[in-house]
Each structure stands twice: as C-alpha cells, then as structure tokens.
Amino acid sequence: MKAPYIKEEHEILRRSLRKFLDKEAYPYFDEWEKQGGIPRTFWQKLGKNGYLCPWLDEEYGGFEADFGYSVVINEELEKVGTGLIGIGLHNDIVVPYLHAYGTKDQKKKWLPKCTTGELITAIAMTEPGAGSDLASIRTTAVNSDGHYILNGEKTFITNGVHADLIVVVCKTDPKASPVHKGISLMIVEKDTPGFKRGKKLDKIGLHSQDTSELIFEDAKVPVENLLGQEGQGFYYLMNQLQQERLIVGIGAIAACERMLDLTVEYVKERQAFGKTIASFQNTQFTLAELQTEVEIGRTFLDRTIEAHMNGEDVVKEVSMAKWWTTDLVKKVAMSCMHLHGGYGYMEEYEIARRFRDAPVTAIYAGSNEIMKSIIAKKMGLL
Ligand SMILES: Cc1cc2nc3c(=O)[nH]c(=O)nc-3n(C[C@H](O)[C@H](O)[C@H](O)COP(=O)(O)OP(=O)(O)OC[C@H]3O[C@@H](n4cnc5c(N)ncnc54)[C@H](O)[C@@H]3O)c2cc1C
C-alpha cells in the first residue's frame, strides 16, 4: 500500500536518490563503518544534489519541499545503514530548531550552509547525569558582558565529532521554579573559546555515526547566539521532539523492511535436510507474522505522518509509533538474524550489523518508557 502523502514527485526523488546512493554510499558504507565516520565530502555531495534540508525556503537554499521528501530521504538513507542517522538528525531535527526559533540574522548566517553541507549540526541535550530527566541538566549559561558563559558537559551527541554548529540545552536560570522554565537553547559554533570535544564514544553499533562528548569550560558564546527566548527552551524541545520521534519511527520501519527482504532472500537460497529453510513452516510463520506486524506499523506510521503534515497535534500518536516501531525493529532483527543461522552472527552478513544497530532506537529520542509515560498522561492516568 502506498502512503497517501507519497506523490509522483516523491517517487522521482526516491529514484534519483537511490541512483545517487548506489554510486556514492553503498560502495563505501562498510569502509565508513570500519573507519567510524562518514567523510565530509559525502555531506557536500548530498548538499550539491539537494538532499540536505530540501524543506527550507528557497532564500536559504531549499525548495520548500513537504515532509514527504524527508520521509523518502530518511528511508533511503536507512536502507544503506542506520549509521547514516546523523544526516536525518541534521535535516529534520536540528536545522528545524534554527528555522523555527532563529532570528532573521541567525537564519541568514547559518541556514544556507546547512543546505550545502558546509555546516553539520548537532543537538546536545543529554549529560552524563541527565538523559530521560531532561529538566535536571546541569549545564549553565550566565549572561555576562555581551556573552553567555557556558559551563557543563554533554554526552552521547550524534554528529558530535564533526558538528560545526550545536544547539546546546542549558540553564539560564538554575533557580527557576518549576525548573524547566529556566531552560534555554544556545547555538555554539565550533571555534567558540572554551568549547572542546571530549571522547569519541565507542558504541556497539552505528559505527559510521560519530557520537561524542562535548565539554564547555567557561565557553564564551555571544548573546546573539541565544536561540529564541530565554526560559523557553523546554517548550521548544517539546514541540520539535515530535518530528524527531517520527524520524526514528520512519527509520525503524525502513530497517524492518530491509531485514525482511534480506531474510526472505536468504531462506529461499539456504538448504537444510534437502530443502530450503523457507520451506519449513516455522520459517514461513515467523516471517509471515513479522511481515504482518511491519505492515501494521507502517500503516499507523503513515497515518501519523499524514496528520503531522496536516499540522495536527500528534503527541500521543508519535509516542505510540516511536515505542512500537522501535520495539518491533528489535524483534525483527533478532528473528531475522536467527533465521540466518550461524551466518547471521558473522559481520560479513548485513543482518549482523542490523542486529547491532537496532536496539538503540528504543533508547534515543526519548526512551520507550518515556513514550509510554507520555501516552499514559494523554490517557489521563497521571
Ligand atoms: C547512539 C546514541 C545517540 C544519541 N544521540 C543523542 C543526541 O544527538 N543528543 C542528545 O542530547 N542525546 C543523545 N542521545 C542520548 C539519549 O537521548 C539518551 O541516552 C536517552 O534519552 C536516555 O537517557 P539516559 O541514557 O541518561 O538513560 P536514563 O535516563 O538513565 O534511563 C535508564 C533507563 O531507565 C529508564 N527510565 C528513565 N526514566 C524512567 C521513568 N520515568 N519511568 C520508567 N523508566 C525510566 C529508561 O527508559 C532507561 O531504560 C543518544 C544516545 C545514544 C545511545
């Protein structure tokens, strides 16, 4: 079933992006996984071909593409590998903050470079002592003499090694009550005095995605780099996190579809007891059940995407889609790896990488327990 928001122009984009990725990504992806990063030249090629933030206004280098284009781009990148998640994060998660809350000058200064790949962006919420409980972050920004003096530490930051521009969540009023009213967003540029990168983190999966710690020691951030208004950061996050969670769901379903394709192909080839693995009823039932769940997931996700595109309040649906699709991707990864037998545990088979990459989707962008708490709240249970 084709999603209702997918029109001929989206299919055209999909075909051209596939061609681009066949040439520029698939042949190199294993190498990027080994090296632990994707080259900046790949970002620039994406930019040159119009795949970075196509939704931006023309004056900033975009072509005002609707969210259907973002869906297609995220799906096709996911098919290459979940390690490309940093591109979707830049396109559909971080740059939208600059666009939604930036001043005219901020937008003019940064957005055009976000579409060319000259600037790679990141968002830094999580700290060593605060992840799910965002309001308890300790990074502070004190306004002094034309600058904010930023102190604190962030961790697990996607694009953390390469980012040129980072939206940093901090407290401009640590004494605010309730505490979330003291939270603001600050844009930190890579050459900011007092800002340095910490360790590049050694993850069990997403090897081509650079994830790192960020350290701010009396970092001098010009006051013009405040994003939006002081004290509004938490509300901005709550608004933008919906699209972030949708992006994670889109990736999860695309990964499920890819794993099912890989596994169907494998079990039709591999033989045991004089038959194909596909001919065993267990294989058929397992794959039939997973295919059903993936199609149910896609249908719900597509409905939620459509509602999001129509500007509806989808907080509950996005939370549902995020936890359900990312639980599903873990289940699909486990079953599909199992159906590959011992080969599924070997790195030379793509399913092994998919198995490593899947679980984190249930943790980042708000863990699945946090999603269920949001749903429970919407149901009037807390
Ligand atoms: C690869 C990767 C990339 C990431 N990228 C980014 C990024 O770009 N920017 C960024 O800011 N962060 C990023 N994160 C951080 C991510 O968002 C956090 O890891 C996540 O929000 C969970 O926070 P935590 O790790 O501190 O876990 P904790 O908050 O300590 O949670 C630990 C466990 O307790 C559960 N738990 C917590 N609170 C509750 C509750 N109220 N009820 C029930 N269970 C609960 C959680 O679900 C989890 O299972 C990334 C993380 C990873 C692993």
Side-chain angles (χ1 to χ4, degrees), residues 33 36-38 78 81-97 120-139 152-171 180 183-188 197-216 227 233-234 236-238 240-245 247-249 251-252 255 319 322-324 326-327 329-330 353 356-377 381-382:
E33 283 277 298
I38 57 175
E78 175 62 48
T82 317
L84 299 185
I85 188 81
I87 297 161
L89 177 109
H90 167 86
N91 278 353
D92 298 306
I93 297 170
V94 190
V95 179
Y97 280 94
I120 297 175
T121 61
I123 181 154
M125 297 176 260
T126 308
E127 300 184 353
S132 305
D133 183 10
L134 191 60
S136 71
I137 56 160
R138 298 172 74 167
T139 299
E153 221 179 291
K154 298 286 178 181
T155 193
F156 303 150
I157 306 309
T158 301
N159 293 341
V161 175
H162 290 121
D164 307 291
L165 208 60
I166 303 153
V167 174
V168 178
V169 182
C170 57
K171 281 189 174 159
H180 66 260
I183 291 181
S184 303
L185 305 185
M186 214 57 74
I187 304 170
V188 176
R197 308 192 200 240
K199 269 202 311 277
K200 177 175 183 239
L201 298 166
D202 191 11
K203 309 186 293 301
I204 64 166
L206 305 188
H207 287 162
S208 50
Q209 167 48 232
D210 57 292
T211 311
S212 86
E213 299 170 334
L214 306 177
I215 297 161
F216 307 95
L227 187 61
F234 198 80
Y236 300 156
L237 289 164
M238 291 307 112
Q240 301 293 320
L241 279 169
Q242 301 319 313
Q243 185 157 302
E244 171 164 0
R245 290 166 184 163
I247 295 294
V248 175
S319 310
K322 199 273 175 182
W323 86 255
W324 200 84
T326 58
D327 261 17
V329 79
K330 291 195 288 183
R353 157 163 66 80
R356 287 193 274 101
D357 289 350
V360 75
T361 59
I363 298 169
Y364 57 35
S367 76
N368 286 4
E369 288 68 37
I370 298 303
M371 295 306 99
K372 290 174 197 174
S373 302
I374 295 170
I375 299 161
K377 194 168 176 195
L381 298 171
L382 69 148

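Whatever order the structure lists ligands and atoms in, that order sets their numbers, starting from 1. The shown structure was predicted, so the numbers you read here are calculated from the model rather than taken from an experiment.
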Practice task
Report, as yes or no, whether the 6.0 Å neighbourhood of atom NZ on K377 holds more than 12 heavy atoms from other residues, nucleotides or ligands.
Solution key: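 Counting other residues, nucleotides and ligands, NZ of K377 stays at 12 neighbours or fewer.
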
Residues forming a ring pair (Phe, Tyr, Trp, His ring centres under 6.0 Å) with [X], sequence neighbours excluded:
X    : result
H162 : none
Y364 : none
Y236 : Y101

Problem - Side-chain donor-acceptor contact under 3.5 Å, E78 with T82 - result: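 Judged by distance alone, the side chains do pair up.
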
Handout entry: Donor on one side chain, acceptor on other, T139 and E127, under 3.5 Å
Key =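 There is such a pair between these side chains.
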
Sub-3.5 Å pairs, protein N or O with ligand 1 N or O:
{"from": "ligand 1", "atom 1": "5 (N)", "to": "F156", "atom 2": "O", "distance (Å)": "2.8"}
{"from": "ligand 1", "atom 1": "5 (N)", "to": "T158", "atom 2": "OG1", "distance (Å)": "2.8"}
{"from": "ligand 1", "atom 1": "8 (O)", "to": "T158", "atom 2": "N", "distance (Å)": "3.0"}
{"from": "ligand 1", "atom 1": "8 (O)", "to": "T158", "atom 2": "OG1", "distance (Å)": "3.3"}
{"from": "ligand 1", "atom 1": "9 (N)", "to": "I123", "atom 2": "O", "distance (Å)": "2.9"}
{"from": "ligand 1", "atom 1": "11 (O)", "to": "M125", "atom 2": "N", "distance (Å)": "2.7"}
{"from": "ligand 1", "atom 1": "11 (O)", "to": "T126", "atom 2": "N", "distance (Å)": "2.9"}
{"from": "ligand 1", "atom 1": "11 (O)", "to": "T126", "atom 2": "OG1", "distance (Å)": "3.1"}
{"from": "ligand 1", "atom 1": "12 (N)", "to": "T126", "atom 2": "OG1", "distance (Å)": "2.7"}
{"from": "ligand 1", "atom 1": "14 (N)", "to": "F156", "atom 2": "O", "distance (Å)": "3.4"}
{"from": "ligand 1", "atom 1": "23 (O)", "to": "S132", "atom 2": "N", "distance (Å)": "3.4"}
{"from": "ligand 1", "atom 1": "26 (O)", "to": "G131", "atom 2": "N", "distance (Å)": "3.4"}
{"from": "ligand 1", "atom 1": "29 (O)", "to": "S132", "atom 2": "N", "distance (Å)": "3.0"}
{"from": "ligand 1", "atom 1": "29 (O)", "to": "S132", "atom 2": "OG", "distance (Å)": "2.6"}
{"from": "ligand 1", "atom 1": "47 (O)", "to": "S367", "atom 2": "OG", "distance (Å)": "2.6"}
{"from": "ligand 1", "atom 1": "47 (O)", "to": "E369", "atom 2": "OE1", "distance (Å)": "2.6"}

